[in-house]
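The structure appears below as structure tokens.
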Amino acid sequence: MTEETRPAFAAERRERILELVRANGAMALRDIASQVRASEVTVRRDVRALETDGLLDRRRGGAALPGRLGHEESYTQKSGQAAPEKMAIAAAAAKLVRNDDAIVLGPGSSTEALARELTGRQNLTVVTNSLPVAETLAGAPGVEVVMTGGTLRGSIRALVGTAAEQSLAGLRVHQAFVSGNGITAERGLSTPNPTVASVDRALVGCAEEVIVLADHTKVGADTLVQTVQPEHIAHLITDNHADPEVLMTLEDMGTLVHVAVLEVDRGE
């Protein structure tokens, strides 16, 4: 490749990176590199240049659209992201759930995947504000579903508001399985919307133990409103593409980290 052709190729690659991040909202460097067929070092340099131009925000191990701290993706957008990772995380999370127990499942595509893993359980009570979780478990004969009240927030297909929070008062469960839009060692779990964060806090407030489900695109990402402080996260279940530095820091703070290995990566 000549010096004359390099800038044009870089410009095309960066335009493709922009298209990918705009379509997905946020992406890990590893995933971007795979899509544009370049090294992570090259992609990191491209993302840095795009950030200088104000077109992207860098995140630890990835990139996002500018202003992502306050941006809430739709349920459809989130459902299409990191689907294999969420399935692996859900299978690992299900191993922590016991029959004859009571748990909370918060909103999100990761918790919906966990709900699918629990349809065969016996004498399990699930408290949730998520419509997809409730729909998934509706036909499970051994699972009793307790839904909160509240106002439907269509973007995440979950019930929120004062009524949702009040319906959780006085409840006590063993575990709360929650997701979010980002998790860091500095701030813990976070979400872009204050109303959603308030209900998430009420959900985890019912539980003796908080378990966070977060695929690698969320590990190291930070958003507007803190949901769960890092010292209150007993378990983090993520996938093998997550930033190891963030995971080690969380472990040092007392969180037990479970890494689910994707089937495609087994044997590497």
Side-chain angles (χ1 to χ4, degrees), residues 1-86 89 108-110 155 179-193 214-227 230 236 238-250 259 262 264-265 268:
M1 182 179 292
T2 66
E3 290 295 327
E4 289 75 14
T5 60
R6 279 184 185 133
F9 179 73
E12 292 171 4
R13 187 177 60 247
R14 290 170 187 175
E15 183 61 33
R16 176 57 178 155
I17 291 171
L18 271 177
E19 291 174 358
L20 288 167
V21 176
R22 284 168 180 162
N24 293 279
M27 289 186 71
L29 289 178
R30 174 173 176 164
D31 295 338
I32 296 173
S34 175
Q35 290 289 324
V36 302
R37 297 183 179 180
S39 70
E40 287 189 40
V41 172
T42 297
V43 168
R44 187 176 289 108
R45 186 167 57 244
D46 288 338
V47 168
R48 188 179 298 115
L50 291 166
E51 183 182 48
T52 300
D53 292 338
L55 299 172
L56 289 181
D57 284 348
R58 281 187 295 165
R59 296 284 185 265
R60 185 187 291 270
L65 295 178
R68 297 294 297 180
L69 282 173
H71 176 78
E72 181 180 51
E73 295 174 328
S74 70
Y75 194 85
T76 301
Q77 286 176 311
K78 290 192 288 187
S79 296
Q81 295 176 11
E85 287 87 346
K86 290 172 183 175
I89 289 168
S109 51
S110 296
S155 59
S179 187
N181 292 68
I183 180 170
T184 66
E186 294 75 22
R187 294 185 69 227
L189 190 66
S190 62
T191 185
N193 185 269
D215 66 73
H216 66 277
T217 65
K218 299 175 182 178
V219 174
D222 199 4
T223 54
L224 186 66
V225 189
Q226 184 187 59
T227 302
L236 167 64
T238 187
D239 61 81
N240 58 298
H241 294 166
D243 188 329
E245 290 185 17
V246 179
L247 301 185
M248 286 188 289
T249 305
L250 284 165
V259 177
L262 274 65
V264 68
D265 295 329
E268 285 189 357

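Numbers here simply count residues along the sequence, with the first being 1. Note that the structure is predicted; figures quoted are calculated from it, not measured. Reckoned from all heavy atoms, side chains included, excluding hydrogens, waters and symmetry mates.
Separating the CD atom in Q35 from the CZ atom in R30 is a distance of 13.0 Å, to the nearest 0.5 Å. Rounded to the nearest 0.5 Å, atoms CG (D46) and CD (E15) are 12.0 Å apart. In this structure, I89 CD1 and L236 CG are separated by 8.0 Å, a value rounded to the nearest 0.5 Å. Within the model, atoms CG of N240 and CD of E85 stand 8.0 Å from one another, a figure rounded to the nearest 0.5 Å. The CG atom of D215 sits 6.5 Å away from atom OG1 of T238, with the distance rounded to the nearest 0.5 Å. D243 CG to H216 NE2: the interatomic distance, rounded to the nearest 0.5 Å, is 11.0 Å.
When all heavy atoms are compared, the tightest approach of A185 to T249 is CB-CG2, 3.3 Å. Of all non-hydrogen atoms in S190 and T223, the two that sit nearest each other are OG-OG1, 2.7 Å. Considering all non-hydrogen atoms of both residues, T217 and A28 come closest at CG2-N, 4.5 Å. Across all their heavy atoms, A38 and V43 have their closest contact at CB-CG2, 4.2 Å. For G188 against P230, the heavy-atom pair with the smallest separation is N-CD, 3.5 Å. Nearest heavy-atom pair, V225 versus P192, reported as atom, atom and distance to 0.1 Å: CG2-O, 4.2 Å.
Residues V21 and I32 meet the side-chain proximity criterion, which asks for heavy atoms closer than 4.5 Å. Residues L55 and R14 are not in side-chain contact: their nearest non-hydrogen atoms beyond the backbone lie 4.5 Å or more apart. I17 places a side-chain heavy atom less than 4.5 Å from the side chain of L56. A 4.5 Å side-chain heavy-atom check between I183 and L250 finds at least one atom pair inside the cut-off. The side-chain heavy atoms of L20 and V36, taken from C-beta on, include a pair separated by under 4.5 Å.
Remark: R22 does not engage E19 in a salt bridge, criterion side-chain N to carboxylate O under 4.0 Å.
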### Query
Taking it one step at a time, do H241 and D31 satisfy side chain to side chain donor-acceptor pair (under 3.5 Å)?
CA-CA 9 Å; H241 294 166; D31 295 338; 4.7 Å; no
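For the pair Q226 (side chain) and R187 (backbone), a donor-acceptor distance under 3.5 Å is present.
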